[in-house]
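As the structure is a computational prediction, the values presented were derived from the model and not from experiment. Convention: sequence-line order gives letters A, B, ...; per-chain numbering from 1.
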There are 2 protein chains.
Amino acid sequence: MKEEPRYRRIAEELRHAIAEHAYGPGGRLPSEGALAEQYGVSRGTIRQALMLLRHDGLVTSRRGTRRVVLDDAPVQDFAQMQSFARWARSIGEVPDGVVIRQGWHRADDEEQRHLRIGEGAQVFRVLRLRHLSGRPAMLERTSYPEPVGAIVEPLPTDTVSVTEFLERGGVYVADAEHTIDLVRADAEDAEHLHCLAGDPLLRERRRSTDPAGVPLEWSEDRYLPGRVAFVVHNSLASTPLTRHHTIPAPE
Amino acid sequence: MKEEPRYRRIAEELRHAIAEHAYGPGGRLPSEGALAEQYGVSRGTIRQALMLLRHDGLVTSRRGTRRVVLDDAPVQDFAQMQSFARWARSIGEVPDGVVIRQGWHRADDEEQRHLRIGEGAQVFRVLRLRHLSGRPAMLERTSYPEPVGAIVEPLPTDTVSVTEFLERGGVYVADAEHTIDLVRADAEDAEHLHCLAGDPLLRERRRSTDPAGVPLEWSEDRYLPGRVAFVVHNSLASTPLTRHHTIPAPE
DNA sequence: CAGTGGTCTAGACCACGGG
DNA sequence: CCGTGGTCTAGACCACTGC
């Protein structure tokens with residue numbers, strides 16, 4: 001069992017206090033000094049905890065006044081964003097996953113670029129259909145570089161959570177970059193998602209990396225519209241969301 | 001003129017050094033101690049600077065080894081994400097905006113909730129069409145609460161950047177929450193974006209707040225597909241991106 | 001004006017990675 | 001084992017808000 005650092009545990013306590021409306025919404029948090037005394041830690045540690053809440057958009061912070069509690073609490077952690085199965089369970093749905101096709105291939109240009117691998121390298125491609133409580137929700141095309149692919153390959157095709165299995169194998173995701181846009185269903189999408197070719201889908205392309213910055217997967221996920229939305233919090237303190245121009249592809 | 005804090009200026013310098021491939025990609029940054037000495041500041045200040053780069057996904061960080069430079073540099077700041085005009089200029093396009101309709105109304109339920117205002121309150125609604133280098137790109141339906149609406153109302157209808165005007169009026173955005181999903185064009189969308197009713201559009205709903213957490217605007221922006229994508233960086237260190245379940249609306 | 005959060009310092013100890 | 005970043009402390013001064 002790992003011991004979480006002090007500031008994370010404090011942040012967790014404050015999260016719960018806020019969720020139970022101990023202060024607001026619109027209410028004011030105690031001052032940093034008061035919290036430091038209350039928890040028996042230094043002000044610096046309290047500030048680390050509050051920084052976490054700030055990045056999640058749970059509290060404001062400005063010089064001169066106490067922090068103000070915002071009403072909306074987007075309570076979701078990195079693990080839930082990273083794993084379809086975990087996310088589904090957290091919203092009370094039953095996740096499900098079926099491999100439609102998988103195999104080793106020579107990496108194409110896009111895979112070489114996103115997985116940062118050389119020209120001759122092999123990747124393990126998996127086409128997987130995801131259900132939410134029995135209904136098709138998303139079609140996932142994932143490419144794994146050699147070492148990760150070797151771990152994924154022997155998995156049963158109805159494995160619900162690949163992420164959780166990889167973690168047991170010591171593969172941890174630390175960072176992910178997501179690109180969200182819109183795409184039209186191709187014949188394969190249509191077949192598995194039970195829609196028509198040409199129907200619009202919400203697309204999330206994702207590259208996940210380990211703590212050392214080494215790419216672990218490159219995935220293109222296509223969601224049926226109307227069942228899922230992506231929420232991002234952006235602020236002066238940290239700006240993880242950017243808008244990108246895309247060249248109209250000739251397709 | 002405002003003096004930027006030391007750690008922000010250092011982060012800026014490191015950003016440039018990285019952009020000019022002084023270390024990588026894949027290279028290692030100097031140790032925190034070395035940087036502290038080099039810049040003549042304490043290690044804590046260096047850590048603040050590096051934290052900024054980490055949140056943007058520019059460098060890794062793990063105990064035991066030096067930080068590693070990642071190759072992709074998403075160089076875009078909060079101001080560019082917040083303002084269509086600024087963003088357009090930063091990618092070398094000419095922004096343009098035309099008000100199609102505007103006026104005061106009683107806030108509906110959604111506006112009351114998102115702008116955190118009472119039942120009788122008035123909002124100023126603006127329907128604005130945005131161009132990128134002359135071609136329609138996005139249709140924007142924004143609601144401003146009373147005080148902000150009063151500032152926006154007298155603006156000429158071809159004002160390119162409302163955000164920049166508001167800043168000159170002392171209205172600063174500090175936080176924004178974005179929800180991204182897919183929607184079908186209605187008759188009005190189709191007319192102004194030159195597409196067909198029913199065509200899919202990329203939708204970004206946004207609430208912006210000031211440093212005190214007071215809502216400044218609630219907006220629903222609909223983008224023509226293929227010209228824009230949203231990019232988010234997510235990590236164990238901060239998780240601003242979440243996936244949300246939406247109830248299939250009967251509309 | 002007093003109280004707040006923002007910045008910064010100069011230390012300390014520890015957990016972890018890699019040789 | 002050494003060097004690294006992660007955590008934490010106990011101070012200090014300043015900028016800003018709100019009374």
When rounded to whole Å, the CD to P distance for the pair B:Glu32 and D:dG6 reads 6 Å
By side chain to side chain contact (heavy atoms under 4.5 Å, CB included), A:Ser208 pairs with (sequence neighbours left out) A:Gln82, A:Val173, A:Ala176, A:Arg206, A:Glu217
Greater than 12 external heavy atoms within 6.0 Å of A:Glu164's CD
yes
Taken to the nearest whole Å, CZ/B:Arg66 to C1'/C:dG19 is 14 Å
On DNA chain D, more 5' by nearest nucleotide between A:Gly64 and B:Gly33 is B:Gly33
A:His233 and A:Asp56 side chains, donor-acceptor separation under 3.5 Å:
no
Below 30° counts as parallel, above 60° as perpendicular, anything between as tilted: where do the rings of B:Phe124 and B:Trp104 land? tilted
Residue set satisfying salt bridge (Lys or Arg N to Asp or Glu O under 4.0 Å) with A:Arg63, at least two apart, ordered chain then number -> none
Q. Below 4.0 angstrom from OP1 or OP2 of D:dG6, is there any side-chain N or O of B:Ser61?
A. yes
A:Arg54 atom CZ is separated from C:dG6 atom C1', nearest whole Å, by 12 Å
Taken to the nearest whole Å, CZ/B:Arg67 to C1'/D:dG5 is 6 Å
What pairs of nitrogen or oxygen atoms, one from the protein and one from nucleotides 7-11 of chain C, lie under 3.5 Å apart?
unit_1: C:dT7; atom_1: OP1; unit_2: B:Tyr7; atom_2: OH; d: 3.2
unit_1: C:dT7; atom_1: OP2; unit_2: B:Tyr7; atom_2: OH; d: 3.0
unit_1: C:dC8; atom_1: OP1; unit_2: B:Arg6; atom_2: N; d: 2.6
unit_1: C:dC8; atom_1: OP2; unit_2: B:Tyr7; atom_2: N; d: 3.2
unit_1: C:dT9; atom_1: OP2; unit_2: B:Ser42; atom_2: N; d: 2.7
unit_1: C:dT9; atom_1: OP2; unit_2: B:Ser42; atom_2: OG; d: 2.9
unit_1: C:dT9; atom_1: OP2; unit_2: B:Thr45; atom_2: OG1; d: 2.5

| query | Taking atom NE2 of A:His105 as the centre, does the number of heavy atoms from other residues, nucleotides or ligands within less than 6.0 Å exceed 12? | reply | yes
